[in-house]
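Data first, discussion second: the structure below is written as structure tokens.
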Amino acid sequence: FTLGAYHGGGTDYYFSGSLDDYRIYNRALSAAEVTSLYNMNSASQVNTTLIAADADVSYFIPGDNSLGDTWQQPGFDDSSWTEVPQPLGFESSGGTLEPLVTTNIRADIRGVNAGGYFRFPFRVNTAGSTVLSATLNVTIDDGYVAYLNGVEVARLNAPTPVNWNSRATGSRSDSTVASTKLTTDISAHLDAIADGENILAIQAMNTSVSGSDFLLGVELTAVEQRPEPGSISLNPGDAVADALGEELTFEVAADEGTEWS
């Protein structure tokens, strides 16, 4: 296949190279279609919130290890769990964390277990966008482990191994909890994100079963790359040759050795 040709004095002048993708059309393309092809790889980067700071969360306070690790998976049935808006926890009347607690779970957790299981669902359309990075922000008193579709992505003040009744290995002051979110870049685990439904599962824990307060708040944000709107779609049926993803060797002829044709 030759792009251009110049034959002079018995000598052919060509520029040799290769193309990764090519498509040959049986008609002339309009100026708008040529522009669309030129810009076909352009896209915009968008900051998006996958789990909002006031999103609903389903929670369960375990009394044994009967669930194992199954609750961390996206396919787990949590329909019998309690669903409430976050942040959730409890605090003494007039305490530092009291204004941050949207849902009070004192009656469910205090004196029962030092911690609990919390599931945050979110959706991602991988067909319409590409997730470039993701950041997890956690407000926690006192420790946690976070799992993205079953893959551990972050932790703080958590023992190893983590059991159903584990306690936090360290404490955080109420003033620090109230003023400082724990930010973790989880971009190294983007391959754990699936198209459609996803689950961020968190085991949050206090330092003791009878702690005076407890708090969990979560926000998951991402940077996504999305195609620019309004792009022109060319009909592959107009092409007489279509070999996207295949290599084409080509030659382009030179005009008198000074200008390429």
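- Taken from CD in E98 to CG in N104, the straight-line distance is 8.5 Å, to the nearest 0.5 Å.
- Using modelled atom types, one side-chain atom of Q86 and one backbone atom of A52 make a donor-acceptor pair closer than 3.5 Å.
- Taking each heavy atom of V145 and A158 in turn, the nearest pair found is CG2-CB, 3.4 Å.
- Note: T135 OG1 to L220 CG = 8.0 Å, rounded to the nearest 0.5 Å.
- Nearest approach of D56 to F120, heavy atoms of both residues: O-CD2, 4.2 Å.
- Counting heavy atoms from C-beta outward, L216 and T139 have side chains that stay 4.5 Å or more apart.
- Minimum heavy-atom separation, P159 to T169: N-CG2, 3.6 Å.
- Within the 3.5 Å criterion, the main-chain N or O of S212 finds no donor-acceptor partner in the side chain of R110.
- Between the side chain of T49 and the backbone N or O of T221, no donor-acceptor pair lies under 3.5 Å.
- Using a distance-only test at 3.5 Å, with no hydrogens or angles considered, a donor-acceptor pair links the side chain of Q203 to the main chain of N163.
- Remark: L200 CG to L50 CG distance equals 10.0 Å, nearest 0.5 Å.
- With values rounded to the nearest 0.5 angstrom, D141 atom CG is found 10.0 Å from T96 atom OG1.
- Both L136 and V131 are members of a single hydrophobic cluster when ILVMFWY side chains are connected at heavy-atom separations under 4.5 Å.
- No continuous path of ILVMFWY side-chain contacts below 4.5 Å connects I199 to L88, so the two sit in separate hydrophobic clusters.
- Here the side chains of F60 and L67 are in contact, with some heavy-atom distance below 4.5 Å.
- R119 CZ to D78 CG: the interatomic distance, rounded to the nearest 0.5 Å, is 4.5 Å.
- Within the 3.5 Å criterion, the main-chain N or O of L97 finds a donor-acceptor partner in the side chain of E91.
- For N149 against A194, the heavy-atom pair with the smallest separation is ND2-N, 3.9 Å.
- Note on V101 and V177: same hydrophobic cluster, where clusters join Ile, Leu, Val, Met, Phe, Trp and Tyr whose side-chain heavy atoms are under 4.5 Å apart, directly or indirectly.
- With contacts defined as side-chain heavy-atom distances shorter than 4.5 Å, the pair P74/E197 does not qualify.
- Shortest non-hydrogen contact noted between Y144 and L182 is CE2-CD1, 4.1 Å.
- Neither side chain, R172 nor T180, offers a donor N or O lying under 3.5 Å from an acceptor on the other.
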Using side chain to side chain contact (heavy atoms under 4.5 Å, CB included), reason through V84 and V57 one step at a time and then give a plain yes or no. CA-CA 6 Å; V84 297; V57 54; 4.2 Å; yes
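- Linking ILVMFWY residues whenever their side-chain heavy atoms come closer than 4.5 Å, directly or via other members, leaves L215 and I140 in distinct clusters.
- In this structure, the side chain of S173 engages the main chain of T176 through a donor-acceptor pair within 3.5 Å.
- Between the side chain of D195 and the backbone N or O of T126, at least one donor-acceptor pair lies under 3.5 Å.
- The CZ atom of R155 lies 6.5 Å from the OH atom of Y147; values are rounded to the nearest 0.5 Å.
- Tracing side-chain contacts under 4.5 Å through hydrophobic residues (I, L, V, M, F, W, Y), one never reaches F118 starting from V162; they form parts of separate clusters.
- You'll find the side chain of T207 stays beyond 4.5 Å of the side chain of N157, heavy atoms only.
- Between Y117 and W81 the shortest side-chain heavy-atom distance falls below 4.5 Å.
- In this structure, N165 contributes its side chain and A114 its backbone to no donor-acceptor pair below 3.5 Å.
- Between D142 and S171, some side-chain heavy-atom pair lies under the 4.5 Å cut-off.
- D69 places none of its side-chain heavy atoms less than 4.5 Å from the side chain of F76.
- Without hydrogens or angle criteria, N113 side chain to P62 main chain gives a donor-acceptor distance under 3.5 Å.
- Taking each heavy atom of D213 and N206 in turn, the nearest pair found is O-ND2, 2.6 Å.
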Carefully, step by step, assess V138 and T184 under the rule side chain to side chain contact (heavy atoms under 4.5 Å, CB included). CA-CA 8 Å; V138 178; T184 304; over 6 Å; no
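- The main-chain N or O of K181 is never found under 3.5 Å from a side-chain atom of N137 such that the two would form a donor-acceptor pair.
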